[in-house]
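In what follows, a single structure is set out as C-alpha cells and then discussed.
Values below: all heavy atoms of this structure, side chains included; hydrogens, waters and symmetry mates excluded.
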Amino acid sequence: MKVIQFLIGFALLALASSLASATDPGHLQDVCVAINDPKDGVFVNGKFCKDPKLARAEDFFFSGLGKPGNTANRLGVDETDANVEQIPGLNTLGISAFRIDYAPYGQRPPHIHPRASEIFLVLEGTLYVGFVTSDQLNNTLIAKVLNKGDVFVFPQGLIHFQFNIGKTNAAAYSALNSQFPGEVTIADTVFGANPSINPDFLGKAFQLDPKIVKDLQNKFINGN
C-alpha cells in the first residue's frame with residue numbers, strides 16, 4: 001500500500017514539474033508576428049545560428065567596455081552595450097552587459113527593461129539609484145545612494161533610474177539575464193511616440209493641461 005502511495009505521489013510530482021516547465025520561451029524582441037509561409041520569414045525569436053563548427057573567438061569577444069562614453073548630451077549620460085548585437089556568441093545564452101558613464105549630475109531617467117533583471121555595480125562616483133514597485137505593492141520607491149564597489153539590483157519590468165549626485169564623473173557596469181533585454185524610457189516613449197498619443201488623453205492621465213502635453217511632445221519628438 002505504501003509503495004502504491006509513493007508511486008502515485010511521485011507521478012503527481014512529475015506531472016506538476018512538467019506543467020511548470022511547459023511555458024513559452026521568453027521574448028527576445030518586441031514583436032514576432034506569425035506567418036503561414038516560412039519563405040516570407042525574416043526574424044525568429046532571437047537570432048539565427050551559424051554552424052557551431054564555424055564558431056571562432058571573435059564571436060564571443062567585445063572590447064568596448066573599457067573606454068568611457070561621451071556624456072555631452074542633455075541627460076549627461078552614455079551607455080555602451082554588450083548584447084547579442086555586439087557579441088554574436090551571446091545568442092541563446094541569456095546574458096548581456098553594458099557600461100554607463102555619467103557626467104556630474106547626469107542621469108538615466110526612469111525606464112524599464114522588459115525582458116531582464118539587472119545587477120548594477122558602481123565603478124566610480126556616487127549615484128542615487130532606485131526602482132518603483134508595481135501597483136500591487138502601492139508603487140513603493142526603493143532607493144539608495146551607492147558608492148564605488150556597491151551593487152544594486154533592479155527587478156525585471158520595474159521602472160528604475162540612476163542619478164549622479166556627485167560633482168565628478170561616475171561610471172557603472174550592469175549585467176542582465178537576457179541576450180537582448182530591451183529598454184523603454186518612460187518619458188521618451190509616452191511623449192515621443194510616433195504618431196503622437198492624443199494629448200487630451202495624456203493630459204487626463206497625467207493631470208496636465210493638454211497644452212503642456214503638446215509642448216512636451218514637441219520637445220521629445222523634435223529634440224528641442
Side-chain angles (χ1 to χ4, degrees), residues 26-33 43 64-65 68-86 96-120 125 127-135 139-143 152-165 169-224:
H27 292 188
L28 295 173
Q29 56 207 45
D30 287 346
V31 295
C32 189
V33 181
F43 296 109
L65 298 187
N70 181 9
T71 58
N73 53 62
R74 68 180 178 88
L75 294 175
V77 69
D78 188 73
E79 180 180 313
T80 304
D81 294 326
N83 58 43
V84 72
E85 297 291 337
Q86 292 78 34
S96 61
F98 53 86
R99 172 183 175 137
I100 315 103
D101 290 280
Y102 311 81
Y105 309 113
Q107 64 170 281
R108 289 185 76 214
H111 63 282
I112 67 170
H113 299 295
R115 296 182 284 274
S117 296
E118 174 182 355
I119 185 166
F120 180 86
L127 296 164
Y128 175 62
V129 309
F131 64 88
V132 180
T133 63
S134 64
D135 295 354
N139 307 122
T140 302
L141 172 63
I142 297 177
F152 200 80
V153 173
F154 304 109
Q156 179 176 346
L158 296 185
I159 293 175
H160 59 284
F161 61 88
Q162 299 114 34
F163 177 50
N164 180 7
I165 59 176
N169 293 333
Y173 281 147
S174 281
L176 304 98
N177 62 330
S178 170
Q179 70 183 49
F180 199 64
E183 185 168 319
V184 179
T185 304
I186 307 305
D188 294 70
T189 302
V190 173
F191 296 109
N194 185 22
S196 298
I197 301 173
N198 186 298
D200 292 321
F201 168 73
L202 290 181
K204 187 172 184 179
F206 286 93
Q207 302 182 51
L208 295 173
D209 187 310
K211 292 181 181 179
I212 295 177
V213 173
K214 290 180 181 179
D215 182 57
L216 287 170
Q217 289 176 323
N218 181 60
K219 291 179 183 296
F220 281 95
I221 293 172
N222 299 318
N224 295 331

Just to verify, what does [X] make a side chain to side chain donor-acceptor pair (under 3.5 Å) with, not counting sequence neighbours?
| X | answer |
| --- | --- |
| Q156 | none |
| S174 | E118 |
| D101 | R99 |

Below 4.5 Å, heavy atoms only, C-beta onward: do [X] and [Y] meet side chain to side chain?
| X | Y | result |
| --- | --- | --- |
| L208 | L216 | yes |
| D81 | S96 | no |
| H111 | H160 | yes |
| I212 | F206 | no |
| V190 | F220 | no |
| N169 | P104 | yes |

Test of understanding: with side chain to side chain contact (heavy atoms under 4.5 Å, CB included), list the residues that count as partners of [X], not counting sequence neighbours.
| X | value |
| --- | --- |
| S196 | Q217, I221 |
| N194 | none |
| N198 | D200, F201 |
| D78 | T71, T80 |

Do [X] side-chain atoms and [Y] backbone N/O form a donor-acceptor pair below 3.5 Å?
| X | Y | answer |
| --- | --- | --- |
| H113 | G157 | no |
| N83 | F180 | no |
| Y173 | L65 | yes |

For the [atom1] atom of [X] and the [atom2] atom of [Y], what is their distance to the nearest 0.5 Å?
| X | Y | atom1 | atom2 | value |
| --- | --- | --- | --- | --- |
| R115 | E183 | CZ | CD | 11.0 Å |
| L176 | S117 | CG | OG | 8.5 Å |
| I100 | L127 | CD1 | CG | 8.5 Å |
| F131 | I159 | CZ | CD1 | 12.0 Å |
| D215 | F191 | CG | CZ | 10.5 Å |

Practice prompt. Go through the structure and list residues passing ring pair (Phe, Tyr, Trp, His ring centres under 6.0 Å) with Y128, not counting sequence neighbours.
Written response: F161
Fill in: Listed partners of F152 passing ring pair (Phe, Tyr, Trp, His ring centres under 6.0 Å), at least two apart
F154
Locate the shortest heavy-atom distance separating [X] from [Y]; write the atom from each residue and the value.
| X | Y | result |
| --- | --- | --- |
| P181 | P114 | O-CD, 3.4 Å |
| L158 | T133 | CD1-CA, 4.3 Å |
| A103 | N164 | O-ND2, 2.9 Å |

Response to the item:
So the salt bridge (Lys or Arg N to Asp or Glu O under 4.0 Å) pairs with at least one residue in residues 201-213 (sequence neighbours excluded) are none
Item to complete: Would you please name every residue forming a salt bridge (charged side-chain N to carboxylate O under 4.0 Å, His left out) with D188, sequence neighbours left out?
Response: R74
